[in-house]
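What follows is a set of notes on a single structure, which appears directly below.
One-based numbering, in listed order, for ligands and for the atoms of each.
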Amino acid sequence: MAVRILSGEEIAEKKANDLRARIENLGLEPSLKLIQIGNDEAASIYARAKIRRGKKIGIDVDLERYDEISVSDLLRRIKDIAADPTINGLMIENPLPKGFDYYEIVKEIPYYKDVDALSPYNQGLIALNREFLVPATPRAVIDILDHYGYHETTVTVINRSPVVGRPLSMMLLNRNYTVSVCHSKTQNIAAYTKNAKVVVVAVGRPGFLNGSMVSGDSVVVDVGINYVNDRVVGDADFEDVSKHVEAVTPVPGGVGPITATNILENVVRAAEFQKMMK
Ligand code: NAP
């Protein structure tokens, strides 16, 4: 039987339409402030994508870029933005220069403006099954599983980072999945991937997951983004894996387009919450 391709484009489009309707209800243009320090190319591309998507949806996305700034000046700026009622969401673009501890910095963003959902408060709410703002990429994985009708089954996540694997495994547990988490110190990862209905791979290595590591009825969600000869590829060997599974997400066109929209969804959620609290 032909493999089922789980595209994310349609889901992202539907989400964008839902957000337009929510913004209309809100009666104001939500605003997102991005802070970038330095000139990292991938960070600049990601920032521009948010500005472009924001324009299409009706969210004002403003990039504040610094060649250099001290930690104390950055913390002061975060405090000002936290107190500014015209800014609904704040995101600090990764990577930060040497000497900055990313998670110490995002700790200072109030949870109701933390649209990346990487502050301890929002991560803690996820762990307590009281989700408020959730990180965009794990949300995108769940959006795909929901949309294509996979629920409450076994899942192996190959990643334990704070951006992907940690919140995702908790969010899957919150939805009654039975979760295994693998990482670079896991022995015999194939034993976990072969026995799971869903495999989420996010290691940052092209071709990491191959057909011998999955079973015939598996669903592979490929989070990886790698650049190989100017092409974007995921962490699964798409051609090989496609021959051995029930369904697989493409890269590009799978998790990626939903992730970008999910950040904007968090901005709308943050604006709705702030309006309600006034
Ligand atoms: P990261 O912080 O470097 O985490 C990578 C994870 O993979 C870690 O948990 C690491 O294990 C594990 N890993 C690395 N090599 C491994 C191996 N040989 N065997 C088993 N596990 C291994 O990266 P990240 O920020 O989470 O991102 C991961 C990937 O997802 C990257 O390709 C990134 O570009 C992509 N990504 C995509 C999106 C999207 O929207 N599609 C968003 C974010 C990230 P340890 O913990 O033991 O080191």
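- A donor-acceptor pair shorter than 3.5 Å cannot be found between the side chains of Ser161 and Arg166.
- Using a 4.5 Å cut-off on side-chain heavy atoms (C-beta onward), Asp222 and Val200 make no contact.
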Donor-acceptor pairs are to be reported for all side-chain atoms of residues 131-142 against protein atoms at under 3.5 Å, with residues two or more places apart or in another chain.
| residue | atom | partner | partner atom | Å |
| --- | --- | --- | --- | --- |
| Glu131 | OE1 | Arg175 | NH2 | 2.8 |
| Glu131 | OE2 | Asn174 | ND2 | 2.8 |
| Glu131 | OE2 | Arg175 | NH1 | 2.9 |
| Arg139 | NE | Asp143 | OD1 | 2.9 |
| Arg139 | NH2 | Asp143 | OD1 | 2.9 |

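- Within 4.0 Å of ligand 1, counting heavy atoms only, the contacting residues are Thr137, Ile158, Asn159, Arg160, Ser161, Val164, His183, Ser184, Ile189, Ala202, Val203, Gly204, Arg205, Phe208, Val223, Gly224, Ile225, Val255, Thr259.
- A salt bridge links Glu104 with Lys107; the closest basic N to acidic carboxylate O contact falls under 4.0 Å.
- More than 12 heavy atoms of other residues, nucleotides or ligands shown are found within 6.0 angstrom of CD on Glu29.
- A donor-acceptor pair shorter than 3.5 Å cannot be found between the side chains of Ser31 and Asp60.
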